[in-house]
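Okay, structure first, notes after.
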Amino acid sequence: MLKRSLFVAVVLLLSGLVPGARAEPKWEYRLDPSFPHVPAGTQFGQGSAVATDSAGDVFVFHRAQPPVLVFHPGGDFVRSFGENLFTSPHGLRIDKDDNVWVTDNANHTITKFSHDGKVLMKLGEKDVPGEDDRHFNKPADVAFAPNGDFFIADGYGNSRVVKFDKGGKYLMAWGHKGKEEGEFNLPHAVRLDSKGNLYVADRENNRIQVFTQDGKYVRQFGGFAPFGLFITPDDRVFVADGRANRIRVMDLNGKVITSWGSPGAKPGDFNLPHGITVAADGSVYVTEINGKRVQKFVAVR
């Protein structure tokens with residue numbers, strides 16, 4: 001009887017049926033083919049980045065005019081801005097106050113816009129590359145700490161992460177080109193987890209490196225090409241693998257929870273996925289460089 005009771009307990013524990021035991025949820029993502037409704041006369045260019053604001057509206061950054069397109073979650077077009085302001089649109093993120101931050105990886109600048117498209121701050125000197133506290137060399141992305149500090153992945157020309165306070169004052173930088181711990185070969189995206197650790201998509205080294213906000217190396221995991229990176233409030237790591245043309249969802253240590261996608265041009269396939277974001281309702285939006293589109297995937301369980 002004792003052996004049978006132990007056997008049953010083990011089975012229940014493994015199946016997640018014991019009170020207090022947590023079974024890993026089974027996540028799946030299905031394409032929403034109705035998204036987006038692109039306005040007549042607008043041609044999608046290379047899709048570089050995507051983010052959502054506090055209302056769930058979707059901001060798409062692409063390499064055509066106008067470069068910022070805004071859609072409701074249902075796909076209806078809302079507005080656009082940024083026409084003729086950029087040389088090569090790259091990263092777009094939205095902070096907790098709904099300000100819109102973009103990077104231009106050709107003219108070496110970062111611009112902070114208000115939600116309605118008014119320029120609030122500029123960092124870097126246009127068309128002047130550099131590696132000091134006022135210049136960048138093809139910056140790729142930006143991430144925000146809860147206290148307002150922000151981090152720049154700098155990027156295609158420099159191989160470093162640069163930290164500023166919320167007012168734009170330079171605080172520190174770390175990293176140079178290489179493949180050892182704390183070195184980078186194209187830091188392409190940056191995000192923070194719920195504990196405040198910084199995750200750097202070290203793209204050409206096929207890994208993500210994790211640091212404290214003061215640049216202390218913590219750990220790494222890899223085996224994929226992290227073009228796009230997003231971390232949800234419950235610490236699921238979403239990676240757009242641009243070389244495998246696949247979306248990977250992992251825990252903070254790189255254990256795969258689920259993945260989907262394959263190379264191709266039909267809806268649901270990917271052709272160089274580059275930007276990724278996860279909305280508050282769990283929907284996943286992915287932009288593609290070669291595919292020249294944005295796709296929406298709805299979470300089902």
Side-chain angles (χ1 to χ4, degrees), residues 48-55 57-63 65-70 78-158 160-175 187-192 196 198-201 211 213-215 228-231 275 277 287:
S48 186
V50 59
T52 56
D53 65 11
S54 61
D57 286 344
V58 184
F59 289 63
V60 178
F61 206 26
H62 73 132
R63 294 168 184 166
Q65 299 298 333
V68 182
L69 304 175
V70 186
V78 179
R79 59 190 173 90
S80 63
F81 66 92
E83 195 157 9
N84 300 318
L85 292 182
F86 309 107
T87 305
S88 179
H90 196 272
L92 183 150
R93 303 288 190 178
I94 298 177
D95 66 22
K96 62 182 178 62
D97 298 316
D98 276 342
N99 298 308
V100 182
W101 299 64
V102 300
T103 63
D104 189 316
N105 73 328
N107 73 18
H108 316 295
T109 62
I110 297 95
T111 305
K112 175 184 178 182
F113 292 93
S114 66
H115 190 258
D116 59 1
K118 178 183 178 181
V119 175
L120 300 178
M121 180 190 298
K122 276 185 170 289
L123 295 171
E125 186 175 357
K126 185 178 180 181
D127 298 326
V128 181
E131 197 176 1
D132 55 29
D133 60 349
R134 297 185 301 108
H135 293 87
F136 307 92
N137 196 336
K138 300 181 179 180
D141 195 23
V142 58
F144 318 104
N147 69 350
D149 290 350
F150 59 94
F151 302 83
I152 304 296
D154 181 38
Y156 283 79
N158 297 328
R160 63 175 183 164
V161 173
V162 191
K163 180 180 180 180
F164 296 85
D165 72 11
K166 62 182 180 181
K169 178 184 177 182
Y170 171 88
L171 297 176
M172 65 176 297
W174 72 89
H188 195 256
V190 281
R191 300 307 293 160
L192 281 84
L198 184 75
Y199 291 63
V200 182
F211 301 87
Q213 292 184 30
D214 294 324
L229 176 64
F230 191 88
I231 301 177
T277 198
T287 56

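In terms of heavy atoms, A189 sits closest to L229 at CB-CB, 3.8 Å. The minimum heavy-atom distance linking T87 with A106 is given by the pair CG2-CB, 3.6 Å. The shortest non-hydrogen separation linking S114 to N99 is CA-OD1, 3.8 Å. A pairwise comparison of heavy atoms in N158 and G130 identifies ND2-O, 2.8 Å as the closest pair. Nearest heavy atom pair, residue V142 against residue R93, reads O-CG, 3.1 Å.
Considering F113, F86, W101 as possible partners of F61, the one that fulfils the ring pair (Phe, Tyr, Trp, His ring centres under 6.0 Å) test is F86.
Taking the side-chain contact (heavy atoms from CB on, under 4.5 Å) definition, one finds that S80 meets it with P66, L69, F77, sequence neighbours left out. In this structure, the side-chain hydrogen bond (donor to acceptor under 3.5 Å, both in side chains) partners of D98, at least two apart in sequence or on a different chain, are S54. Contacts of F230 classified as ring-ring contact (aromatic ring centres under 6.0 Å, His included), with partners at least two apart in sequence or in another chain: none. For A143, the side-chain contact (heavy atoms from CB on, under 4.5 Å) partners at least two apart in sequence or on another chain are V190, R191, L192, L198. Scanning for side-chain contact (heavy atoms from CB on, under 4.5 Å) contacts around K138 gives N105, H108, Y156, with sequence neighbours left out.
Taking the side chain as every heavy atom from C-beta outward, K112 and L123 never approach each other to under 4.5 Å. Contact check for V58 versus V50: side-chain heavy atoms found under the 4.5 Å cut-off. With contacts defined as side-chain heavy-atom distances shorter than 4.5 Å, the pair H90/H188 qualifies. Contact of the V100 side chain with the F81 side chain is registered, since non-hydrogen atoms from C-beta on lie closer than 4.5 Å.
The aromatic rings of F164 and F150 lie parallel to each other, with less than 30° between the two planes, well short of the 60° mark. Aromatic ring orientation, F151 versus W174: perpendicular (interplanar angle above 60°, classes split at 30° and 60°).
Looking only at distances, a side-chain donor or acceptor of D95 sits under 3.5 Å from a matching main-chain atom of D97.
Listed by first then second residue, pairs satisfying salt bridge (charged side-chain N to carboxylate O under 4.0 Å, His left out) with a partner in residues 118-134 number zero, not counting sequence neighbours.
Put simply, OG1 on T109 and CG on D104 are 5.0 Å apart, with the number rounded to the nearest 0.5 Å.
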